[in-house]
Amino acid sequence: MADKIKDAKIIFVVGGPGSGKGTQCEKVVAKYGYTHLSSGDLLRAEVASGSERGKTLQAIMQKGELVPLDTVLDMIKDAMIAKADVSKGFLIDGYPREVKQGEEFEKKIGAPCLLLYIDAKGETMVKRLMKRGETSGRADDNEETIKKRLDLYYKATEPVITFYTSRGIVRKPLL
Ligand SMILES: Nc1ncnc2c1ncn2[C@@H]1O[C@H](COP(=O)(O)OP(=O)(O)O)[C@@H](O)[C@H]1O
Ligand SMILES: Nc1ncnc2c1ncn2[C@H]1C[C@H](O)[C@@H](COP(=O)(O)OP(=O)(O)O)O1
Ligand SMILES: [Mg+2]
């Protein structure tokens with residue numbers, strides 16, 4: 001099964017919470033026809049299913065913490081395999097959240113050819129998320145959780161940008 005995605009074109013899309021990852025991915029999909037897979041969307045679908053695993057995930061996400069690496073990586077891998085026959089390439093949005101996630105992805109699936117870094121100022125991200133929270137219904141779009149997500153982004157996810165910059169595959173789209 002995993003053979004199906006062995007040579008897939010992989011683009012990581014990384015940025016802070018509310019930086020506009022999902023918004024930019026939709027534009028890339030419209031222009032290039034790649035398959036958009038958001039780790040957050042996959043996790044929220046599991047929560048919406050009402051499963052026991054979904055309940056555990058919901059509690060973690062509500063606190064603004066990262067769910068276990070194996071859970072999110074398995075979900076992405078399954079979603080990639082399901083689309084392998086029709087996909088021209090994959091936009092992996094919201095992953096890796098920490099360097100270790102990138103390393104495990106490369107071991108189990110393959111290497112990215114590009115990392116799109118969606119950059120935004122902290123205050124912009126907070127403003128956008130508070131606004132999104134008015135209608136998103138997301139349990140994590142509230143002031144307290146937003147602060148934790150932002151702290152975690154700077155601590156755990158920014159090193160991902162540094163890691164892939166040294167490999168020369170980071171591009172920052174001009175928005
Ligand atoms: N370039 C932009 N300018 C203004 N608002 C934006 C921009 N990009 C995204 N937004 C808004 O900011 C919020 C977060 O965007 P989203 O794409 O959901 O980010 P992420 O997936 O990174 O959390 C959304 O409400 C979106 O409409
Ligand atoms: N790669 C990943 N590893 C661990 N947890 C993840 C993850 N991607 C998403 N999550 C969990 C924790 C996040 O705070 C939550 C929402 O993710 P998201 O939809 O990508 O949100 P954001 O608006 O912060 O970009 O889901
Ligand atoms: Mg998103």
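By convention here, the first residue in the shown sequence is residue 1. Atoms within a ligand are numbered from 1 in the order they appear, just like the ligands themselves. Because the structure is predicted, anything quoted here is derived from the model rather than measured.
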Atoms in ligand 1 flagged as close to Ser19, the criterion being non-hydrogen separation under 4.0 Å: 22 (O)
Polar side-chain atom of Thr165 near backbone of Ile161 as donor-acceptor pair, under 3.5 Å: yes
Hey, does Gly16 sit under 4.0 Å from ligand 1 if you only count heavy atoms? yes
Does at least one non-hydrogen atom of Gly15 fall below 4.0 angstrom from an atom of ligand 1?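 It does not; every heavy atom stays at 4.0 Å or beyond.
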In the protein, what heavy atom is nearest to [atom], and what distance, to one decimal place, separates them?
{"atom": "atom 21 (O) of ligand 2", "value": "Arg138 NH2, 3.2 Å"}
{"atom": "atom 24 (C) of ligand 1", "value": "Arg132 CD, 4.1 Å"}
{"atom": "atom 21 (O) of ligand 1", "value": "Gly22 N, 3.1 Å"}
{"atom": "atom 3 (N) of ligand 1", "value": "Arg128 NH2, 3.3 Å"}
{"atom": "atom 5 (N) of ligand 2", "value": "Val67 N, 3.1 Å"}
{"atom": "atom 26 (O) of ligand 2", "value": "Met61 CE, 3.5 Å"}

Is the number of heavy atoms from other residues, nucleotides or ligands under 6.0 Å of Glu103 CD greater than 12?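 Enclosed: over 12 neighbouring heavy atoms sit under 6.0 Å from CD of Glu103.
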Atom NZ of Lys148 with >12 non-hydrogen neighbours under 6.0 angstrom: yes
Element-labelled atoms of ligand 2 that are located less than 4.0 Å from some non-hydrogen atom of [X]:
{"X": "Leu43", "value": "6 (C), 9 (C), 10 (N), 11 (C), 26 (O)"}
{"X": "Arg132", "value": "23 (O)"}
{"X": "Arg149", "value": "21 (O), 22 (P), 23 (O), 24 (O)"}
{"X": "Glu65", "value": "12 (C)"}
{"X": "Lys21", "value": "22 (P), 25 (O)"}
{"X": "Asp140", "value": "16 (C)"}

Between the side chains of Thr157 and Glu98, does any donor sit under 3.5 Å from an acceptor?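 No, because no side-chain N or O of Thr157 sits under 3.5 Å from a partner of the opposite role on Glu98.
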Ion pair present between Arg132 and Asp140, side-chain N to carboxylate O less than 4.0 angstrom?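 Result for this pair is no, no salt bridge flagged.
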So which atom in Lys83 and which in Phe90 form the shortest heavy-atom distance, rounded to 0.1 Å? CB-CE2, 4.0 Å
Heavy atoms only, cut-off 4.0 Å: how does Gln62 contact ligand 2, side chain, backbone, both, or neither? neither
Name the orientation class of the two ring planes belonging to Phe12 and Tyr164 (parallel below 30°, tilted from 30 to 60°, perpendicular beyond 60°).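 Phe12 vs Tyr164 ring planes: perpendicular.
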Test Asp141 against every option in Arg149, Lys131, Arg128 by the side chain to side chain donor-acceptor pair (under 3.5 Å) rule and name the one that passes. Arg149
Once you round to the nearest 0.5 Å, how far does [atom1] of [X] lie from [atom2] of [Y]?
{"X": "Glu46", "Y": "Ser51", "atom1": "CD", "atom2": "OG", "result": "3.5 Å"}
{"X": "Ile92", "Y": "Leu37", "atom1": "CD1", "atom2": "CG", "result": "5.0 Å"}
{"X": "Ser136", "Y": "Arg44", "atom1": "OG", "atom2": "CZ", "result": "8.5 Å"}
{"X": "Thr35", "Y": "Ile10", "atom1": "OG1", "atom2": "CD1", "result": "11.5 Å"}
{"X": "Leu42", "Y": "Leu57", "atom1": "CG", "atom2": "CG", "result": "11.0 Å"}

Would [X] count as being in polar contact with ligand 1, using the rule that some N or O on each side must be under 3.5 angstrom apart?
{"X": "Thr23", "answer": "yes"}
{"X": "Gly20", "answer": "yes"}
{"X": "Asp93", "answer": "no"}
{"X": "Pro17", "answer": "no"}

Verify whether the ring centers belonging to Phe105 and Tyr95 lie closer than 6.0 Å.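 Yes, the ring centres sit under 6.0 Å apart.
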Close N or O approach ([X], ligand 2; < 3.5 Å):
{"X": "Ser39", "value": "yes"}
{"X": "Arg44", "value": "yes"}
{"X": "Val72", "value": "no"}
{"X": "Gln101", "value": "yes"}

Compare Lys148, Met125, Arg97 and give the one whose heavy atom is closest to atom 18 (P) of ligand 2. Arg97
Restricting to pairs with a member in residues 55-78, which pass side chain to side chain donor-acceptor pair (under 3.5 Å), not counting sequence neighbours?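 Sorted result for residues 55-78: Glu52-Lys55.
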